[in-house]
Novice: 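Below is one structure. I have some questions about it.
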Amino acid sequence: MAKAPVNVTVTGAAGQIGYALLFRIASGQLLGPDTPVKLRLLEIPQAVKAAEGTAMELEDCAFPLLQGIDITDDLAKAFDGTNVALLVGARPRTKGMERGDLLEANGGIFKPQGRAINDHAADDVRVLVVGNPANTNALIAQANAPDVPAERFTAMTRLDHNRALSQLAGKLQVPVSEIKKMTIWGNHSATQYPDLFHAEVRGEVAAKLVEQEWLRDTFIPTVAKRGAAIIEARGASSAASAANAAIDHVFDWVNGTPEGDWTSAAIPSDGSYGVPEGLISSFPVVSRDGRWEIVQGLEIDEFSREKIDASVAELAEERDAVKQLGLV
Ligand code: NAD
Ligand code: LMR
């Protein structure tokens with residue numbers, strides 16, 4: 001029997017990530033080759049026309065799995081019955097804007113979106129926040145959707161994870177497929193901690209295969225500041241790689257992670273590894289039966305502890321700031 005279509009909402013659909021993402025969703029890469037999709041594109045009124053242009057192109061691809069496209073600037077319509085919500089549109093930091101201003105501006109986006117998801121989405125909704133500051137935007141949306149289980153709100157650190165795989169593969173001259181158990185801890189920001197002490201290359205601990213100076217002074221900052229390096233080089237933030245990571249995150253969430261490996265995702269903390277409960281922080285995770293689970297029992301040495309704590313402290317500061325603004 002043919003599968004029922006899955007409703008996928010993409011916010012910021014006319015933006016550059018949207019352009020790299022929508023065609024891959026419609027071709028079946030988000031959910032699998034036998035799952036039809038209906039797309040809902042949410043944009044601000046000024047960008048609806050551009051989203052309509054993208055929709056014309058989607059039609060012109062004649063994707064067999066694409067069963068419809070709705071374009072709207074109305075939150076209730078955008079999230080009506082949605083099963084997968086990719087929250088990409090966000091307010092970028094502009095000149096002279098302080099971090100607090102940025103959090104406030106994004107609160108104006110993610111608070112009403114959280115409420116609309118609460119009121120209109122399907123019972124099985126899964127939310128991935130890509131728009132920055134992703135972890136705290138996810139927290140705002142989650143806090144404003146009290147009827148949706150908190151675990152359904154996640155933020156994207158899969159791009160950082162993929163960057164870490166690629167940097168290590170380049171250093172050791174091995175294919176990325178030989179690297180398992182990479183972890184990004186903490187915030188999707190320059191404080192994130194890419195961890196090589198649990199990563200394995202052909203079964204050996206990755207941290208033992210590289211010089212400690214390289215790990216500390218090259219690997220960690222290269223991964224953590226890669227987003228800024230791309231903005232510097234391209235004059236715009238990463239788009240195709242961000243879309244690719246969003247596809248990876250949702251595909252694994254829905255279809256499960258491979259045995260013997262794990263990935264990284266920012267999910268609400270249950271208190272594991274000393275991360276305060278409720279913070280949306282990146283962890284080593286597996287997906288089983290459509291749910292993320294934090295990998296348990298990893299030993300955390302002093303070096304890693306310090307790095308994880310620093311990133312988690314930044315997340316706690318962001319949470320306190322949005323609390324003060326009445327956003328959570
Ligand atoms: P972009 O500026 O090209 O597009 C953003 C789109 O969002 C625009 O079309 C804009 O009209 C729309 N938008 C703004 N407010 C909206 C709202 N309230 N509702 C619906 N749509 C709205 O930006 P982009 O390059 O596509 O990046 C989007 C976001 O993703 C940025 O915040 C960026 O920093 C972030 N990002 C995150 C990661 C990650 O790894 N988590 C990686 C790359 C980029
Ligand atoms: C990235 O990691 O590429 C982005 O989050 C950078 C940004 O600020 O948009």
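Every value quoted in this text rests on a predicted model; they were computed, and no experiment measured them. Note: hydrogens, waters and symmetry copies are ignored here, and every other heavy atom, side chains too, is used.
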Novice: Could you tell me whether the side chains of Thr154 and His249 share a donor-acceptor contact shorter than 3.5 Å?
Specialist: yes
Novice: Take Lys180 and Glu200 through the test salt bridge (charged side-chain N to carboxylate O under 4.0 Å, His left out) and record every step on the way to the result.
Specialist: CA-CA 5 Å; Lys180 309 279 181 229; Glu200 293 174 3; over 6 Å; no
Novice: Can you see which heavy atom on Gly28 is nearest to which on Leu65, and at what distance?
Specialist: CA-CD1, 3.5 Å
Novice: Is a donor from one side chain sitting under 3.5 angstrom from an acceptor on the other, for Tyr19 and Thr54?
Specialist: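 Result is no, nothing qualifies.
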Novice: Test Val210 against Lys171 for side chain to side chain contact (heavy atoms under 4.5 Å, CB included), laying out the working first.
Specialist: CA-CA 8 Å; Val210 298; Lys171 168 74 176 169; 4.0 Å; yes
Novice: Going by atom types only, do Arg158 and Asn244 share a side-chain donor-acceptor pair under 3.5 Å?
Specialist: no
Novice: Atom CD in Gln192, atom CG in Asn135: separation rounded to 0.5 Å?
Specialist: 9.5 Å
Novice: At their closest point, which heavy atom of Leu30 faces which heavy atom of Ile247, and how far apart are they?
Specialist: CD1-CA, 3.9 Å
Novice: Given the rule in the salt bridge (charged side-chain N to carboxylate O under 4.0 Å, His left out) test, do Arg115 and Asp119 qualify, once you have shown the distances and angles that lead to the verdict?
Specialist: CA-CA 6 Å; Arg115 280 207 203 110; Asp119 296 347; over 6 Å; no
Novice: Apply the test salt bridge (charged side-chain N to carboxylate O under 4.0 Å, His left out) to residues Asp160 and Arg163: give CA-CA distance (whole Å), side-chain angles for both, the deciding distance (0.1 Å), then the verdict.
Specialist: CA-CA 5 Å; Asp160 311 294; Arg163 287 168 172 165; 3.7 Å; yes
Novice: Identify whether the distance between the nearest side-chain nitrogen and carboxylate oxygen of Glu293 and Arg288 falls below 4.0 Å.
Specialist: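 Looking at Glu293 and Arg288, the cut-off is not met.
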Novice: Nearest heavy-atom pair of Ala90 and Gly131: which atoms, and what distance?
Specialist: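 Looking at all heavy atoms of both residues, the closest pair is CB-CA, 3.7 Å.
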Novice: Only one of Leu168, Ile179, Leu209 clears side chain to side chain contact (heavy atoms under 4.5 Å, CB included) with Val174; which?
Specialist: Ile179
Novice: Among Asp124, Asn7, Thr9, exactly one meets side-chain hydrogen bond (donor to acceptor under 3.5 Å, both in side chains) together with Thr82. Which residue is that?
Specialist: Thr9
Novice: Taking atom types as modelled, is there a side-chain donor on Asp70 or Thr72 under 3.5 Å from an acceptor on the other?
Specialist: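 Result is no, nothing qualifies.
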Novice: Show the numbers, then the answer: is there a salt bridge (charged side-chain N to carboxylate O under 4.0 Å, His left out) between Asp34 and Lys3?
Specialist: CA-CA 7 Å; Asp34 59 352; Lys3 271 192 174 180; 3.6 Å; yes
Novice: Please determine whether side chain to side chain contact (heavy atoms under 4.5 Å, CB included) holds for the pair Val10 and Leu22, giving the CA-CA distance in whole Å, both sets of side-chain angles, and the decisive distance to 0.1 Å.
Specialist: CA-CA 8 Å; Val10 178; Leu22 291 166; 3.7 Å; yes
Novice: Other residues, nucleotides and ligands only: do more than 12 of their heavy atoms fall within 6.0 Å of NZ on Lys38?
Specialist: no
Novice: Between CD of Gln67 and OG1 of Thr35, what distance do you get to the nearest 0.5 Å?
Specialist: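 Nearest 0.5 Å value for the CD-OG1 distance: 10.5 Å.
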Novice: Do Arg319 and Gln324 get their side chains close enough for a donor-acceptor pair, meaning under 3.5 Å?
Specialist: no
Novice: Given ring-ring contact (aromatic ring centres under 6.0 Å, His included), test Trp185 with Tyr273 step by step and report yes or no.
Specialist: CA-CA 10 Å; Trp185 298 90; Tyr273 298 104; 5.0 Å; yes
Novice: For the residue pair Asp248 and Asn162, confirm or rule out a side-chain donor-acceptor distance under 3.5 Å.
Specialist: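 Yes, Asn162 and Asp248 have a side-chain donor paired with an acceptor closer than 3.5 Å.
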Novice: For the side chain to side chain contact (heavy atoms under 4.5 Å, CB included) test, which of Asp80, Asp73, Asp74 pairs with Lys77?
Specialist: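 When side chain to side chain contact (heavy atoms under 4.5 Å, CB included) is applied between Lys77 and each of Asp80, Asp73, Asp74, only Asp74 qualifies.
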Novice: Are Glu314 and Asn187 close enough that a side-chain donor and a side-chain acceptor fall under 3.5 Å?
Specialist: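 The answer is yes; a qualifying pair exists.
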Novice: According to the interplanar angle, ranging from 0 to 90°, do the rings of His198 and Trp262 count as parallel (below 30°), tilted (30 to 60°) or perpendicular (above 60°)?
Specialist: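 Tilted.
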